[in-house]
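As structure tokens, the structure follows; a few thoughts come after it.
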Amino acid sequence: MAFKLFLLLEKFLMILPKGWRKTFFSSLASIGYYSSAKTRRIVKQNLDFAFDGKMSKNEIDSITKYSFKNLMFNFLHLMEMRKMSKEELSKKVTVQNAE
């Protein structure tokens with residue numbers, strides 16, 4: 001049942017213009033960022049460990065927000081690729097040194 005609802009949502013989103021879809025997923029990323037205090041805390045701990053606590057709070061927040069957006073945009077890209085024809089995909093992909 002949940003998968004069918006997902007497919008219905010996907011069909012609806014694919015009807016919308018690309019800019020609206022991008023805005024929708026960007027909004028989801030913002031909601032995820034603000035509603036996931038545990039994840040934000042883990043990211044801060046990891047960045048503090050990796051950079052010996054030398055990063056500012058603004059840098060950490062910026063990286064964390066970007067990570068949420070990147071995750072959502074990757075998901076959006078996968079949805080869009082599922083609906084691409086072979087011709088559309090071949091226009092976007094360049095193969096070098098195929099041999």
Side-chain angles (χ1 to χ4, degrees):
M1 179 68 179
F3 186 66
K4 288 183 181 183
L5 287 174
F6 168 76
L7 291 177
L8 185 63
L9 175 65
E10 181 186 39
K11 282 186 183 205
F12 171 73
L13 289 172
M14 295 309 290
I15 291 171
L16 298 174
K18 185 175 178 98
W20 290 14
R21 286 193 304 262
K22 193 170 182 179
T23 300
F24 174 76
F25 278 93
S26 182
S27 299
L28 284 180
S30 294
I31 291 168
Y33 171 81
Y34 288 110
S35 66
S36 183
K38 179 180 177 182
T39 302
R40 288 195 317 265
R41 188 179 67 250
I42 292 169
V43 170
K44 182 184 182 323
Q45 289 172 347
N46 287 339
L47 290 173
D48 282 342
F49 177 75
F51 294 98
D52 292 328
K54 295 177 182 174
M55 294 186 85
S56 70
K57 182 177 178 350
N58 287 341
E59 289 175 311
I60 291 172
D61 289 344
S62 177
I63 290 170
T64 307
K65 287 178 184 177
Y66 180 81
S67 297
F68 276 89
K69 273 191 177 180
N70 190 46
L71 178 65
M72 288 291 97
F73 288 158
N74 282 331
F75 186 70
L76 170 61
H77 185 67
L78 286 172
M79 279 180 42
E80 290 172 344
M81 283 184 58
R82 282 177 27 96
K83 302 297 180 186
M84 276 186 200
S85 66
K86 287 182 181 180
E87 293 78 26
E88 289 173 313
L89 187 58
S90 68
K91 289 178 187 175
K92 293 183 181 263
V93 175
T94 304
V95 177
Q96 296 178 349
N97 301 325
E99 64 281 346

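Numbers here simply count residues along the sequence, with the first being 1.
- There is no path of hydrophobic side-chain contacts, each under 4.5 Å, that joins Leu5 to Phe24.
- Leu8 is not listed as a side-chain neighbour of Phe12, based on a closest heavy-atom distance of 4.5 Å or more.
- One finds the CD atom of Glu80 at 4.5 Å from the CZ atom of Arg21 (value rounded to the nearest 0.5 Å).
- Taking OG1 of Thr64 as the start and CD of Glu59 as the end, the distance is 11.5 Å to the nearest 0.5 Å.
- Here Asn58 contributes atom CG and Ile63 contributes atom CD1; the two are 11.0 Å apart, rounded to the nearest 0.5 Å.
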List, one per line, each side-chain donor-acceptor pair under 3.5 Å for residues 31-39, sequence neighbours excluded.
{"from": "Ser35", "atom 1": "OG", "to": "Ile31", "atom 2": "O", "distance (Å)": "2.7"}
{"from": "Ser36", "atom 1": "OG", "to": "Thr39", "atom 2": "OG1", "distance (Å)": "2.6"}

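- Salt bridge annotation for Lys65-Asp61: absent, with no cationic side-chain nitrogen under 4.0 angstrom from a carboxylate oxygen.
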Working for side chain to side chain contact (heavy atoms under 4.5 Å, CB included), residues Ser26 and Met72:
CA-CA 7 Å; Ser26 182; Met72 288 291 97; over 6 Å; no
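- Val93 and Met81 fall within the same hydrophobic cluster, defined by Ile, Leu, Val, Met, Phe, Trp and Tyr side-chain heavy atoms under 4.5 Å apart, directly or through other members.
- Linking Ile, Leu, Val, Met, Phe, Trp and Tyr whenever their side-chain heavy atoms come within less than 4.5 Å leaves Leu71 and Val43 in two separate clusters.
- Applying the side chain to side chain contact (heavy atoms under 4.5 Å, CB included) rule to Ser85 yields the partners Glu87, Glu88; only residues at least two apart in sequence or on another chain are considered.
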Using the rule given for side chain to side chain contact (heavy atoms under 4.5 Å, CB included), can you reason through Leu13 versus Leu76, listing the C-alpha separation, both sets of side-chain angles and the distance that settles it, and then say yes or no?
CA-CA 10 Å; Leu13 289 172; Leu76 170 61; over 6 Å; no
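- Criterion: ILVMFWY side-chain heavy atoms under 4.5 Å apart, direct or through other members. Under it, Tyr66 and Phe68 are not part of a common hydrophobic cluster.
- One finds the CG atom of Asp48 at 12.0 Å from the NZ atom of Lys54 (value rounded to the nearest 0.5 Å).
- Smallest separation of non-hydrogen atoms from Phe25 and Met79: CZ-SD, 3.8 Å.
- No chain of hydrophobic side-chain contacts below 4.5 Å, direct or via other Ile, Leu, Val, Met, Phe, Trp or Tyr residues, connects Phe49 to Met55.
- Residue pairs that meet the side-chain hydrogen bond (donor to acceptor under 3.5 Å, both in side chains) test with at least one member in residues 4-17, sequence neighbours left out, are Glu10-Arg82.
- The shortest distance between side-chain heavy atoms of Met84 and Lys92 falls below 4.5 Å.
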